Amino acid sequence: MSRLELISPEGLRIDGRRPNELRKLTAKVNVLSQADGSAYLEQGNTKVLAAVYGPGEPRQRSKVVHDRSFISVEFNIAPFSAGERRKRTKGDKRSLELAYTIKETFEAVVITTQFPRSQINIYLQVLQADGGTLPACINASTLALVNAGIPMLDYVCACSAGSIEKTPILDINYVEESSDSPDVTVAYLPKVGKVALLQMEARLHIDVFEKVVALGTDGCIEMRSKLDTVIRQGMQQLVNQLEQ
């Protein structure tokens with residue numbers, strides 16, 4: 001499929017969205033009873049399960065940090081998650097890169113100084129991959145961390161953005177991601193007003209770059225409202241259960 005076919009003459013993308021429109025978001029928190037915090041998130045057809053354990057005692061003494069907690073991220077993608085059935089191991093290079101990126105992002109946002117000499121574990125399982133895997137994992141991790149009661153400076157809200165024939169597009173799906181279009185991932189702290197992550201997968205002309213990043217940031221601001229609604233609904237369900 002050519003890049004020109006990704007946007008119709010009417011300005012609609014292949015999935016019917018406008019260039020600046022997010023995919024449908026569905027999410028729940030507290031979905032795993034054994035975890036301290038958990039979340040299930042669907043961003044379009046990308047589906048992610050996140051679990052948080054801790055703060056707890058570090059597994060290895062070498063990872064003990066005396067003045068703050070250590071964040072560990074484990075990322076797995078199911079073999080059936082994409083059209084091409086492929087087994088990925090924990091040592092898969094791409095999985096390790098994503099895990100490290102997520103770890104670095106949250107280390108700057110989680111108030112780790114409140115839990116010295118401890119470890120916070122984030123486990124991520126991608127059940128279906130349809131583009132925007134990294135942003136979906138970051139958003140799911142945010143929900144799970146808040147559900148676990150881990151203090152953070154702000155919600156970490158993530159969104160992908162790109163460009164097709166110099167038209168900025170928001171929240172890229174798999175078809176758009178596979179078309180060799182430039183892809184930028186933005187993780188933003190809406191209340192604090194700071195960028196937590198800015199990752200670009202391909203070259204993007206400077207004239208378009210600013211527009212793409214601005215669109216991604218706007219998407220993150222809109223995403224915060226959606227994530228906050230999920231958290232509030234989860235809290236209300238918990239209150240209702242306690243009252244019964």
Side-chain angles (χ1 to χ4, degrees), residues 1-25 27 41-48 75 82 94 97-106 108-109 126 129-142 153-228:
M1 180 176 289
S2 70
R3 295 175 66 181
L4 287 172
E5 293 175 328
L6 294 174
I7 298 182
S8 71
E10 294 78 21
L12 298 177
R13 293 152 71 177
I14 194 167
D15 55 8
R17 289 182 294 147
R18 298 199 175 277
N20 61 346
E21 191 176 344
L22 290 172
R23 290 178 291 179
K24 181 181 178 182
L25 182 87
L41 181 141
E42 293 183 8
Q43 198 164 331
N45 291 323
T46 297
K47 303 175 182 180
V48 179
F75 174 92
R94 179 59 176 166
E97 287 177 352
L98 288 171
Y100 181 77
T101 299
I102 295 166
K103 167 185 161 65
E104 289 284 294
T105 300
F106 282 99
V109 181
V126 177
D130 187 41
T133 299
L134 176 57
C137 286
I138 291 174
N139 293 330
S141 298
T142 294
L153 297 174
D154 191 5
Y155 287 5
V156 186
C157 306
C159 199
S160 60
S163 175
I164 296 177
E165 300 301 322
K166 296 186 179 180
T167 299
I169 58 172
L170 183 65
D171 198 4
I172 299 174
N173 61 32
Y174 178 76
V175 175
E176 294 165 340
E177 207 173 65
S178 304
S179 68
D180 295 326
S181 300
D183 181 359
V184 176
T185 296
V186 182
Y188 188 66
L189 312 181
K191 279 194 172 182
V192 178
K194 290 185 178 181
V195 175
L197 171 71
L198 185 61
Q199 185 179 83
M200 187 162 60
E201 295 291 344
R203 290 184 179 181
L204 188 61
H205 196 279
I206 188 65
D207 293 339
V208 183
F209 177 75
E210 292 184 4
K211 294 179 181 178
V212 169
V213 173
L215 182 61
T217 303
D218 290 342
C220 293
I221 293 171
E222 185 179 346
M223 185 64 67
R224 189 194 191 283
S225 176
K226 295 178 181 293
L227 298 184
D228 190 58

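Residue indices begin at 1 and follow the sequence shown. Just so we're clear, the structure is a prediction, and the values are computed from it rather than from any experiment.
In this structure, Leu215 CG and Asn20 CG are separated by 6.5 Å, a value rounded to the nearest 0.5 Å.
Contacts of Lys103 classified as side chain to side chain donor-acceptor pair (under 3.5 Å), with partners at least two apart in sequence or in another chain: Glu107.
With hydrogens and angles ignored, the 3.5 Å screen pairs a side-chain donor or acceptor of Ser160 with a backbone N or O of Ile172. Of the possible polar contacts, one joining the Ser179 side chain to the Glu176 backbone as a donor-acceptor pair under 3.5 Å is found. Here the side chain of Thr142 pairs a donor or acceptor atom with the backbone of Val156 at under 3.5 angstrom. Remark: side-chain polar atoms of Arg23 are not paired, donor with acceptor, to backbone N or O of Thr46 under 3.5 angstrom. No donor-acceptor pair closer than 3.5 Å links the side chain of Asp130 to the backbone N or O of Asn173. The backbone N or O of Arg18 sits less than 3.5 Å from a side-chain atom of Arg13, completing a donor-acceptor pair.
Residue-environment remark: CD (Glu104) exceeds the threshold of 12 foreign heavy atoms within 6.0 Å.
Taking every heavy atom of both residues into account, Phe75 and Leu98 meet most closely at CZ-CD1, 3.5 Å. Heavy atoms only, all atoms of each residue included: Leu153 and Ala108 are closest at CD1-O, 3.8 Å.
By the 4.0 Å N-to-carboxylate-O rule, Asp154 lies too far from Lys191 to be salt-bridged with it.
Looking only at side-chain heavy atoms (C-beta outward), Asp171 and Arg17 come within less than 4.5 Å of each other. Side chains of Val213 and Val195 form no contact here, defined as non-hydrogen atoms less than 4.5 Å apart. Taking 4.5 Å as the limit, some side-chain heavy atom of Ser163 sits within range of a side-chain heavy atom of Leu204.
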